[in-house]
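These notes concern the structure reproduced below.
Residue numbers begin at 1 in each chain, while the letters A, B, ... track the order of the sequences. These numbers were taken from a predicted model, which means no experiment stands behind them.
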Amino acid sequence: MIDVNFVRENPELVAKGSMQKGVKVDIDKLLKLDQQRRDLLNQIDAIRQERNQVAQAASGKKPEAEQLAKGQQLKTQLAQLENEFKTADKDYLELLRTVPNMPLEDVPVGSSEDDNVVYKSGGTPPQFAFTPLSHQEIGEKLGLIDKVRAAKIAGSRFAYLKGDLVRLQFAIVSFVISELGNPELIAKLIADNHLNLPNHPFVPVLPPALLKTAPYEASARLNAEETTYKVEQDDLWLNASAEHTLCTMFMDEVLPKDELPLRFIGYSTSFRREAGSYGKDFEGILRLHQFDKLEMEVFSTPESGLEEHRLLVAIQEHLVSSLGLPYQMMNKCTFDIGKPNARGVDVNTWFPSQQLYRETHSADYLTDYQTRDLKIRTRMDNGKLELVHTNDATAFALGRILAAIIENYQDQDGHFSVPPVLVPFMGGQVKI
RNA sequence: GGAGAGGUACCGAAGUGGUCGUAACGGGGCGGUCUCGAAAACCGCUGUACGGGCAACUGUACCGAGGGUUCGAAUCCCUCCCUCUCCGCCA
């Protein structure tokens with residue numbers, strides 16, 4: 001959540017930033033609740049002080065009747081105020097949590113997806129001498145994607161992926177872990193983008209796929225209505241991205257400053273209810289309830305948070321262009337970056353069957369919006385504890401990137417080539 | 001799933017209703033004395049959050065979490081979470 005002190009000191013700014021994100025927040029009401037809450041807390045503290053004094057005076061001997069009476073009276077008073085406080089605190093927190101993170105200066109102001117700004121593209125959409133097929137058509141024909149049987153077993157928006165497509169997925173996983181584990185490549189990307197960062201490699205992580213309510217809520221990523229599955233019996237949630245179990249990993253911890261930035265590449269199956277997307281993307285494997293994803297997560301000092309964000313974007317571009325896929329880099333506007341984000345970039349990849357660039361990656365810079373609730377801090381050189389900054393970014397969402405490969409690398413006879421960079425990870429196989 | 005043990009500060013660990021949550025003791029860390037320097041020894045310091053104050057400072061809360069009993073709770077009661085050991089089951 002946002003820093004309440006910032007709201008107190010910059011109410012107009014917060015109102016403006018919220019509006020630009022299309023979020024309605026009653027800042028006046030929030031400040032009123034904040035004041036009310038603090039007033040109650042002061043009263044409570046004063047009574048507690050008195051209670052402590054009475055108890056202290058009675059300490060060690062039989063309390064006098066007068067002390068007993070006073071103590072009981074204070075206790076009643078306290079209980080009442082504490083009750084009031086509980087309600088006030090709840091209302092206050094509820095409202096505070098609706099305040100979005102403030103967008104950075106260079107985020108384009110916009111009111112819909114149409115205001116996102118494409119700032120760069122790479123590669124050229126392939127020209128086919130035939131009508132290109134969709135990944136679903138090719139995948140089905142080659143026996144790589146079976147959604148019919150999956151529907152029988154699990155319902156719509158599930159798929160069996162099979163055969164060489166599975167080999168291709170694990171080739172991608174190996175490729176990414178190998179690239180991100182290479183400090184020389186990290187150093188090169190840092191230099192190419194004029195960043196001032198150390199070249200710590202990314203540590204691969206297989207995180208838990210389920211998590212409890214408390215950390216999920218603190219991460220500001222829980223979307224119970226539309227996205228997140230709940231395992232009711234055990235009071236656990238199925239993660240919707242490895243990011244959710246990565247960003248929460250250090251909850252309640254103080255990270256040693258000289259170990260920052262901590263960079264991770266997590267691999268996890270992700271689960272999404274897709275409750276808000278009826279009828280959208282029903283063909284193929286672009287939007288399933290379950291897909292595997294490689295996700296980068298970085299914990300850094302506040303000073304280097306933005307540069308880490310730029311590094312992650314550079315890595316995304318490197319990964320997509322390594323696969324030889326045509327892509328666009330898009331600066332997301334205030335409306336589209338999402339509530340916890342200060343800045344967001346999407347990578348869109350070309351899908352020949354749709355003649356469209358579709359979102360395959362996103363990079364999110366959250367500043368301290370997550371870590372305030374998660375209580376992830378570091379001790380700065382001046383001895384002060386400060387909230388670390390978090391960044392997350394897709395390395396590859398496997399379903400979507402497999403689909404993009406199938407479509408962009410397809411040939412006349414209904415097969416497709418393995419992107420050259422993945423061939424070594426496929427044991428030399430060049431065609432599927 | 002069954003049985004048992006336990007969760008106290010940076011770490012280990014004592015504390016079972018009232019002079020102290022900076023919470024014995026030990027270790028670590030920081031500062032100092034000593035030294036050419038270091039080690040050892042000795043002395044001192046060593047949490048977080050929120051509130052009030054220009055500040056010095058000060059109040060409150062925190063002994064896994066949440067409730068309760070009490071004038072007063074780390075200590076008693078209830079619920080929950082987590083860790084460890086053994087048995088069972090299992091990839």
Side-chain angles (χ1 to χ4, degrees), chain A residues 1-9 30-97 99 206-219 222 230-237 245 248-260 267-269 302 368-388:
Chain A
M1 64 184 173
I2 199 157
D3 181 3
V4 70
N5 285 307
F6 184 81
V7 183
R8 282 176 200 153
E9 285 156 25
L30 175 62
L31 291 176
K32 205 179 280 174
L33 283 172
D34 173 45
Q35 190 58 53
Q36 190 194 343
R37 178 184 169 280
R38 276 193 288 170
D39 289 345
L40 280 168
L41 201 54
N42 280 334
Q43 291 178 51
I44 287 171
D45 281 356
I47 292 178
R48 278 178 180 160
Q49 184 179 7
E50 210 178 329
R51 177 201 58 188
N52 290 347
Q53 284 163 356
V54 171
Q56 185 79 0
S59 175
K61 43 201 168 202
K62 240 202 152 91
E64 297 159 18
E66 197 186 321
Q67 289 170 327
L68 281 178
K70 184 70 185 161
Q72 278 164 355
Q73 181 220 324
L74 288 171
K75 194 154 68 165
T76 315
Q77 229 177 323
L78 196 55
Q80 195 186 334
L81 279 170
E82 278 173 342
N83 244 337
E84 270 180 65
F85 176 80
K86 226 182 202 170
T87 317
D89 189 51
K90 189 170 156 276
D91 293 347
Y92 156 80
L93 262 181
E94 230 164 63
L95 191 54
L96 183 62
R97 278 184 213 284
V99 180
L206 290 173
L210 289 86
L211 66 163
K212 300 192 229 180
T213 304
Y216 218 155
E217 271 182 347
S219 76
L222 181 59
K230 177 118 191 237
V231 182
E232 205 58 66
Q233 188 183 1
D234 294 289
D235 199 25
L236 288 167
W237 302 83
T245 36
T248 46
M249 179 164 50
F250 297 113
M251 186 166 84
D252 295 323
E253 292 189 41
V254 175
L255 305 177
K257 181 162 178 283
D258 54 9
E259 285 175 24
L260 298 179
Y267 177 70
S268 172
T269 302
D368 58 9
Y369 196 84
Q370 284 184 317
T371 53
R372 181 162 293 105
D373 260 6
L374 285 168
K375 295 195 180 64
I376 307 176
R377 296 169 296 175
T378 190
R379 187 155 319 260
M380 304 302 281
D381 294 331
N382 63 8
K384 286 230 157 70
L385 284 171
E386 269 194 53
L387 296 167
V388 307

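- For A/Q77 and B/rC71, the CD to P distance is 16 Å, given to the nearest whole Å.
- Using a distance-only test at 3.5 Å, with no hydrogens or angles considered, no donor-acceptor pair links the side chain of A/D234 to the main chain of A/L236.
- B/rA61 atom P lies 16 Å from atom CD of A/Q43, rounded to whole Å.
- Checking B/rG51, B/rC71, B/rG59 against every side-chain atom of A/D45, the shortest atom distance belongs to B/rG59.
- Base-pairing analysis of RNA chain B finds the following stems of at least three consecutive Watson-Crick or G-U pairs, with both pairing distances under 3.5 Å: B:1-7 with B:81-87, B:10-12 with B:25-27, B:28-33 with B:41-46, B:47-52 with B:57-62, B:64-68 with B:76-80.
- Position along RNA chain B of the nearest nucleotide to A/Q72 versus A/R379 favours A/R379 as the more 5'-ward residue.
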Letter per nucleotide, 5' to 3', of nucleotides 76-84 of chain B [B base touched, S only sugar-phosphate touched, - untouched; heavy atoms, 4.0 Å]: -----SS--

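- The backbone N or O of A/V388 lies less than 3.5 Å from a partner atom in the side chain of A/T371, making a donor-acceptor pair.
- Among residues two or more places apart in sequence or in another chain, the side-chain hydrogen bond (donor to acceptor under 3.5 Å, both in side chains) test is passed with A/R377 by none.
- Taking atom P on both B/rU46 and B/rG52, the two are 26 Å apart, rounded to the nearest angstrom.
- Using atom C1' as the reference point in both B/rG7 and B/rA65, the two lie 11 Å apart (nearest Å).
- Considering CD of A/E50 and CD of A/Q73, their distance stands at 7.5 Å, rounded to 0.5 Å.
- Within 4.0 Å (heavy atoms only), A/R377 reaches sugar-phosphate atoms of the nucleic acid but no base atom.
- Residue A/L74 is classed as having no contact, given no heavy-atom separation below 4.0 Å to the nucleic acid.
- On the C1' atoms, B/rG17 is 6 Å away from B/rA73, given to the nearest whole Å.
- Nearest to the side-chain atoms of A/Q49 among the listed nucleotides B/rG59, B/rC71, B/rC50 stands B/rG59.
- Comparing A/L385 and A/Q35, the nucleotide of RNA chain B nearest to each residue sits closer to the 5' end for A/L385.
- Taking the P atom of each, B/rA24 and B/rA74 are spaced 15 Å apart, rounded to whole Å.
- Rounded to the nearest 0.5 angstrom, A/L210 CG and A/Y216 OH are separated by 10.0 Å.
- In this structure, the NZ atom of A/K75 is 9 Å from the C1' atom of B/rG72, given to the nearest Å.
- Between A/R48 and A/E82 a salt bridge is recorded (basic side-chain N to carboxylate O distance below 4.0 Å).
- In this structure, the CG atom of A/L41 is 14 Å from the C1' atom of B/rC62, given to the nearest Å.
- Residues in residues 33-43 of chain A take part in these salt bridge (Lys or Arg N to Asp or Glu O under 4.0 Å) pairs, two or more places apart or across chains: A/R8-A/D34, A/D34-A/R38, A/R37-A/D89.
- Among the nucleotides B/rU70, B/rA61, B/rG51, the one closest to the side chain of A/R8 is B/rG51.
- Of the P atoms belonging to B/rG4 and B/rC90, the separation is 24 Å, rounded to the nearest Å.
- The shortest side-chain heavy-atom distance between A/R97 and A/L93 falls under the 4.5 Å cut-off.
- For A/R38, the side-chain atoms get nearest to B/rG52 when compared with the rest of B/rU60, B/rA49, B/rG52.
- The environment of CD in A/Q35 is crowded: more than 12 heavy-atom neighbours from other residues, nucleotides or ligands sit within 6.0 Å.
- Proximity of residues 78-96 of chain A to RNA chain B (heavy atom under 4.0 angstrom from any strand atom) is restricted to A/K86.
- When rounded to the nearest whole Å, the span between CZ of A/R48 and C1' of B/rG52 equals 16 Å.
- A/T378 contributes a side-chain N or O that, together with a main-chain N or O of A/L255, makes up a donor-acceptor pair within less than 3.5 Å.
- In this structure, the CG atom of A/D252 is 12 Å from the C1' atom of B/rA65, given to the nearest Å.
- Nucleotides B/rG2 and B/rU8, compared at atom P, are 26 Å apart to the nearest Å.
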Is there a side-chain contact (heavy atoms from CB on, under 4.5 Å) between A/L387 and A/I376? Walk through the geometry before answering. CA-CA 6 Å; A/L387 296 167; A/I376 307 176; over 6 Å; no

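- Comparing B/rU75 with B/rU70, their C1' atoms sit 13 Å apart, to the nearest whole Å.
- Side-chain contact between A/K32 and A/Q36 is absent, with no heavy-atom pair separated by less than 4.5 Å.
- Interatomic distance, CD1 of A/I44 versus CD of A/Q77, reported as 11.0 Å (0.5 Å rounding).
- As rounded to whole Å, 11 Å separates atom P of B/rG59 from atom CG of A/N52.
- As a whole-Å value, the separation of A/L387 CG from B/rA49 C1' is 12 Å.
- Residues passing the salt bridge (charged side-chain N to carboxylate O under 4.0 Å, His left out) test with A/E253: none are found, sequence neighbours excluded.
- Side-chain atoms of A/A55 lie closest to B/rG18 of the nucleotides B/rG18, B/rU48, B/rA61.
- As rounded to the nearest Å, B/rC10 and B/rG47 have P atoms that lie 9 Å from one another.
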